[in-house]
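As structure tokens, the structure follows; a few thoughts come after it.
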Amino acid sequence: MRSGRKQQILEVLARELEARPGTRITTAALAAAVGVSEAALYRHFPSKAKMFEALFTFAEDAVFGLFTRILEEQTNPVTRCQQMLLVVLQFVERNPGLARLLTGDILVDEQPRLRVRSQQFFERIETQLKQVLRDATLVAGPQPDRARISAAANLLTAVASGRISQFVHSGFRANPSVNWDDQWAMLAAALFHANEGAA
């Protein structure tokens with residue numbers, strides 16, 4: 001029952017983040033939305049920061065779990081990069097409230113460690129993309145210049161981060177996966193010296 005209530009609190013928090021773009025979520029407002037007292041809220045989570053941390057963990061488990069599946073199922077580095085970035089974009093598209101969390105939009109005046117957690121999410125994406133690009137030298141197909149691997153991974157991460165920020169700033173109207181196939185083709189052509197990015 002306790003874990004069920006904790007799950008409910010997190011789901012309501014995610015919905016509130018989506019329903020109130022640009023607005024800070026207070027524990028009083030969250031408790032009212034859940035239908036419990038603030039004291040009851042704190043029995044499940046000692047602080048709002050802990051609630052946000054739980055949402056970060058959910059996002060990380062979902063996104064990086066799918067990354068693992070992609071790496072198991074795909075060998076082509078271009079396809080891997082394309083699908084990994086699409087996973088990130090589609091995840092936030094399905095979870096708009098979490099997009100605010102991942103970009104740090106909701107973290108003003110919150111615990112500094114939460115902003116670090118936001119940075120680490122994108123750093124982890126960049127690290128995994130970098131590894132895929134390094135592994136590209138071991139398989140057949142289009143390969144990036146080894147000297148450009150770090151810059152390429154950073155650029156791809158920045159594109160994903162930028163699309164998510166645009167999604168948040170548009171009030172969730174500019175879906176991040178819109179026109180992604182065309183944009184990916186441009187990126188792949190530049191980074192892999194080939195027009196095989198939509199493989």
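When a residue number appears, it is its place in the shown sequence, counting from 1. The basis for the numbers below is simple: all heavy atoms, side chains too, and nothing from hydrogens, waters or symmetry mates.
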> Within the distance-only criterion (no hydrogens, no angle test), does the side chain of Arg173 pair as donor or acceptor with the backbone N or O of Ser170 below 3.5 angstrom?
Replying inline: yes

> Looking at NZ of Lys50 and OG1 of Thr57, how far apart are the two atoms once the value is rounded to the nearest 0.5 Å?
Replying inline: 9.5 Å

> Can a donor-acceptor pair be found between the side chains of Glu11 and Gln7 at a distance below 3.5 Å?
Replying inline: yes

>> Quick one, Gln120 with Glu123, criterion side-chain contact (heavy atoms from CB on, under 4.5 Å). Give me CA distance, side-chain angles, the key distance, then yes/no.
In response: CA-CA 5 Å; Gln120 289 174 337; Glu123 286 171 357; 4.0 Å; yes

>> Return the CZ to OG distance between Phe91 and Ser177, rounded to the nearest 0.5 Å.
In response: 14.0 Å

>> I need the minimum non-hydrogen distance between Pro77 and Val132, along with the two atoms involved.
In response: O-CG1, 3.7 Å

>> Minimum heavy-atom separation for Asn175 and Arg163, please, with both atom names.
In response: O-NH2, 3.3 Å

> Under 3.5 Å, is there a donor-acceptor pair between the side chain of Ser165 and the main chain of Ser161?
Replying inline: yes

> Roughly how far, to the nearest 0.5 Å, is the NZ atom of Lys48 from the CG atom of Leu41?
Replying inline: 10.5 Å

> Which heavy atom in Arg115 sits nearest to a heavy atom in Gly104, and how many Å separate them?
Replying inline: NH1-O, 3.3 Å

>> Just verifying a value: how many Å separate Lys6 NZ and Arg43 CZ, rounded to the nearest 0.5 Å?
In response: 13.5 Å

> Distance-only, no hydrogens or angles: does the Asn95 side chain make a donor-acceptor pair with backbone N or O of Gly97 under 3.5 Å?
Replying inline: no

>> Would you say that Val159 contacts Leu85 through its side chain, given a criterion of any heavy-atom pair below 4.5 Å between the two side chains?
In response: no

> How far does CH2 of Trp184 sit from CG of Leu86, to the nearest 0.5 angstrom?
Replying inline: 10.5 Å

>> If you define the side chain from C-beta out and look only at heavy atoms, does anything of Leu98 sit under 4.5 Å from Phe56?
In response: no

Could you list the donor-acceptor pairs under 3.5 angstrom formed between side-chain atoms of residues 60-71 and any protein atom two or more places apart in sequence or on another chain?
unit_1	atom_1	unit_2	atom_2	d
Glu60	OE1	Arg117	NH2	3.0
Glu60	OE2	Arg117	NE	3.1
Thr68	OG1	Phe64	O	3.1

> Would a distance-only check, ignoring hydrogens and angles, find a side-chain to backbone donor-acceptor pair under 3.5 Å from Ser118 to Leu114?
Replying inline: no

> Say you draw a straight line from CD of Gln83 to CG of Asn76; how long is it, rounded to the nearest 0.5 Å?
Replying inline: 9.5 Å

> Side-chain donor-acceptor pair under 3.5 Å between Gln74 and Thr79, yes or no?
Replying inline: no

> Can you list every ring pair (Phe, Tyr, Trp, His ring centres under 6.0 Å) pair that touches residues 7-39, not counting sequence neighbours?
Replying inline: none

> Could you walk me through whether Ile125 and Leu156 pass the side-chain contact (heavy atoms from CB on, under 4.5 Å) check?
Replying inline: CA-CA 9 Å; Ile125 291 172; Leu156 292 175; over 6 Å; no

>> Quick check: Phe167 with Phe172 (ring centres under 6.0 Å apart)?
In response: yes

>> I'd like to check Trp180 versus Leu187 (side-chain heavy atoms, cut-off strictly below 4.5 Å). Are they in contact?
In response: yes

Give every donor-acceptor pair under 3.5 Å between a side-chain atom in residues 14-33 and any protein atom, sequence neighbours left out.
unit_1	atom_1	unit_2	atom_2	d
Glu16	OE1	Arg20	NE	3.1
Glu16	OE1	Arg20	NH2	3.3
Thr26	OG1	Ala29	N	3.0
Thr27	OG1	Glu38	OE1	2.7
Thr27	OG1	Tyr42	OH	3.3

>> Evaluate Leu133 against Cys81 for side-chain contact (heavy atoms from CB on, under 4.5 Å), listing each step before the verdict.
In response: CA-CA 8 Å; Leu133 295 176; Cys81 289; 3.9 Å; yes

> How far apart are the C-alpha atoms of Leu102 and Val168, what are their side-chain angles, what is the distance that settles it, and do they pass the side-chain contact (heavy atoms from CB on, under 4.5 Å) test?
Replying inline: CA-CA 10 Å; Leu102 295 174; Val168 171; over 6 Å; no

